[in-house]
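Note on naming: letters A, B, ... go to the chains in the order of the sequence lines (proteins, then strands), and numbering restarts at 1 for each one.
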Amino acid sequence: MSGREHQSALAAAIDQNRRNERVTRAWLLAPALTIILAISILPLGITVVYSFLTPGTYGGVTWEFSTDSYVQFLFQRDIFDDTLVFNSAYVSIFLRSIGLALGATLGALILGFPTAYFIATKPREQRNIWLFLITLPFWTNLLIRTYAMLLIIRDEGIINIMLMKASIISSPLTILYTDTAVFIGLIYSFLPFMVLPIYASLEKLDFSLVEAGYDLYANRLKVLFHVIVPLAKPGIVAGCILVFIPGLGAYITPELLGGGKKLMIGNMIAMQFGASRNWPFGSAAALILMALVILVLLVNVLAARRGASGNG
Amino acid sequence: MKTVLRLLATASAVAFASPAAMAAGELNVYNWGNYTSPEMIKKFEEKFDVKVNLDGYDSNEAMLAKVKAGDTGYDIVVPGDYMIKVMIGEGLLEEVKPNAMENFKNVDPNWVDVWWDPGRNYSIPYQWGTTSFTVDTAIYDGDVDTLALLFDPPEVLKGRINMLNDMNDVINAGLRYLGYGRCNGNQDELREVLALLSKAKPHWRTMDYAVIEKLTSKDVDISQSWNGAAMRARAQRPTLKYAYPKEGFTGWMDNVAVLKGAPNLDNAKLFINFMMDPENAGLTSNFARYANGILGSDKFMEPEMLSAPEIVMPASAPAPDFVTPCPQEVVDLYNKIWTQLKQ
């Protein structure tokens, strides 16, 4: 056997091996790809197609191309004459949703960071108990928890009755059915999403760095903002994203605690598929919401990349 | 609350789906939430050895949206008057000919040749009533029979009002208060309605279908409501009074109908006939607290129902106004007003 023949046999074997590997890989990927295709890409595709159609009279769509859904988001034919004017209704619904979601994120951060820090600085064997307590509410359905919150903050709810019994207030505080109630509900629902990633960052934190900070005459605040926070930043960013995104699309919380007077994005989209009978516009609004979320994630990725290259 | 009930109902329907297979048959009923007498359902199940699965909705439009989406598996729906007309037009209902059934003789002749289903080829009366509002007279002791309490409220009721989260009910009340016609495409008049609603909205605390719960929890002291809901709320809050506003109020009838393609068509027909039996109609009224349009059912109704101020209208009240479906261009205008209002 000449060396050349030997070589080509070897190459063929390697080639065969690679091909096998490729086939195996394809098979192993198939279940995941099927699921992604079936439950993510396909429905998204339908949503995109629907958003460019014309609404049917009693719901559904008629197969007639139209970009009205997107135009409608920003403009409306004046209710009363037919001119195209800027319409702030939907934009203001989006802005209110963004505001509430941002507020809830900030609130969750203010409550969640100290909680995570507290847990991370406990002895190792106690931490699991605290983490267990943080995740405990997830054992109950979100709807039930939100309803429980409604019972707590309503006019004749626990908080008001206790405050009135203690003669701190004379008439009940109006919390329920305001933006404040939605805000409280959102923080309550999503707080664990903030605590857990921050805890994961803080748990790995090398506390000798904190001591080093003190040794270099930094006071507590300086240590917090120049040592701990920068090291916990990945967790803080992840937590903020995990609270902001579901907060933005929240449906149950504004529905139950907000009193139905003002819409958040989720309720506005739901309404298009119900009373308003405008499925294309509902689809378009859902896609605009998704675009917003992707934008937030993109900004985060870009910022992280810049941060990484800056450090490098 | 109705949303909650609906979700709970869905959950329990799922939970009980498997034992259902053990009964001789099934019947899937999709009715308004908190509107179906458990006693009546139990009686039907025992009489025909059929397992009934119950699911709920909180508006005609929500029901229509779900049915249109297809493959619901429901047999029975209970749409309001105008929605029956819409669903017949869309081909969503099975023509089960209740008028040829044994118990049809019990249907009050006044409710047979109705505009939404002339001659009753598709549907039968379930409950009928009025939509107005109910006020706590311990909080406000003035004249209650005016829509001004909702749109131009006295000081004590400001911030204590619940409106139905229903485009038609809110806009129709506004049109009546201003003295304009229903299904109104007149732009100047609608502009006034929008101004009226926007001015009144800061005084409303909530916009929600869960009328009974809102009133009995004392979240609000006045709420737009259906008469039966007002009666049920009064049972827990005796100072409530149902108003018959001089500007007018809505009359409606919900009707039992069978969906096209119902998986349990035979059981559905049995159910239609069963619901025209005076005793069963009486059971439904005792639970939901509305009149039912079935002759002879008053014998089976609780005595207090027959004299309740929510059901027996005073002679001075205007006749209830049954609102027909509006043309699409009017619906479009209403939609815009509604979104503008809720932004």
Side-chain angles (χ1 to χ4, degrees), chain A residues 55-61 72 76-82 87-96 141-144 146-147 150-151 154-157 160 172 174 176-178 181 251-252 255-264 267-268 270-279 281-282, chain B residues 1 3-4 7-8 11 57-70 83 86-87 89-90 92 159-160 162-168 186-188 190-191 194 201-202 204-210 214 217-220 325 328 331-343:
Chain A
T57 312
Y58 295 110
V61 288
Q72 189 187 344
Q76 67 173 356
R77 308 219 171 265
D78 184 279
I79 297 195
F80 303 109
D81 54 66
D82 222 21
N87 171 17
S88 63
Y90 299 112
V91 176
S92 77
I93 289 170
F94 266 65
L95 286 180
R96 174 175 335 93
N141 181 295
L142 175 65
L143 182 60
I144 311 283
T146 308
Y147 206 78
L150 183 148
L151 297 179
R154 84 169 1 150
D155 291 3
E156 305 209 334
N160 273 317
T174 309
L176 192 54
Y177 310 127
T178 61
Y251 174 76
I252 291 176
E255 182 86 357
L256 278 182
L257 301 180
K261 264 175 75 182
K262 290 176 173 176
L263 297 166
M264 264 180 85
N267 316 86
M268 194 268 277
M271 193 178 109
Q272 301 311 317
F273 291 89
S276 296
R277 299 181 203 152
N278 194 338
W279 294 17
F281 181 64
Chain B
M1 187 59 198
T3 320
V4 180
L7 291 167
L8 290 177
Y57 51 87
D58 61 13
S59 73
N60 279 311
E61 283 71 20
M63 182 270 298
L64 177 70
K66 196 158 172 188
V67 168
K68 278 216 69 142
M83 191 50 73
V86 166
M87 291 178 82
E90 293 279 293
L92 296 170
R160 307 291 304 165
N162 175 55
M163 297 296 280
L164 290 173
N165 194 11
D166 187 297
M167 184 172 86
N168 290 318
N186 181 316
Q187 308 197 334
D188 290 330
L190 283 182
R191 211 187 294 259
L194 178 58
K201 192 186 161 204
W204 302 341
R205 185 161 195 207
T206 51
M207 297 176 79
D208 199 319
Y209 285 107
K214 285 275 173 300
S217 66
K218 302 205 174 160
D219 279 347
V220 296
Q328 188 57 36
V331 174
D332 286 344
L333 285 174
Y334 281 17
N335 267 323
K336 286 177 184 168
I337 289 178
W338 191 242
T339 313
Q340 204 77 26
L341 183 68
K342 298 243 283 175
Q343 67 170 295

Undergrad: I would like to know whether B:Asp208 and A:Tyr177 meet side chain to side chain contact (heavy atoms under 4.5 Å, CB included); could you show each step before the answer?
TA: CA-CA 11 Å; B:Asp208 199 319; A:Tyr177 310 127; 5.5 Å; no
Undergrad: Looking at CD of A:Glu156 and NZ of B:Lys218, how far apart are the two atoms once the value is rounded to the nearest 0.5 Å?
TA: 5.5 Å
Undergrad: Would you compute the distance between atom OG1 of A:Thr178 and atom CZ of B:Arg205 and round it to the nearest 0.5 angstrom?
TA: 8.0 Å
Undergrad: If every non-hydrogen atom of B:Arg160 is compared with every non-hydrogen atom of A:Asp155, which pair is closest and at what distance?
TA: NH1-OD2, 3.1 Å
Undergrad: Is it the case that more than 12 heavy atoms not belonging to A:Lys262 sit under 6.0 Å from its NZ atom?
TA: no
Undergrad: I'd like to know if B:Asp219 and A:Arg154 make a salt bridge, using a cut-off of under 4.0 Å between side-chain N and carboxylate O.
TA: yes
Undergrad: Under 4.5 Å from any heavy atom of chain B, what part of A:Leu263 do you find: side chain, backbone, both or neither?
TA: both
Undergrad: Taking all atoms of both residues into account, what is the closest heavy-atom pair of B:Ala65 and A:Phe273, and its distance?
TA: CB-O, 2.9 Å
Undergrad: Between B:Lys342 (side chain only) and A:Ala89 (backbone N and O only), is there a donor and an acceptor less than 3.5 Å apart?
TA: no
Undergrad: Supply the atom-to-atom distance A:Arg277 CZ to B:Asp332 CG, rounded to the nearest 0.5 angstrom.
TA: 9.5 Å
Undergrad: How many angstroms lie between OG in B:Ser217 and CG in A:Leu150, if you round to the nearest 0.5 Å?
TA: 8.0 Å
Undergrad: Just how far is it from atom CD1 of A:Ile93 to atom OG1 of B:Thr339, taken to the nearest 0.5 Å?
TA: 7.0 Å
Undergrad: Side chain, backbone, both or neither: which part of A:Ser88 has an atom under 4.5 Å from a heavy atom of chain B?
TA: both
Undergrad: Using a cut-off of under 4.5 Å on heavy-atom pairs, state which of B:Met87, B:Met163, B:Glu90 scores highest against chain A.
TA: B:Glu90
Undergrad: For the CE atom of A:Met271 and the CD atom of B:Glu61, what is their distance to the nearest 0.5 Å?
TA: 11.0 Å
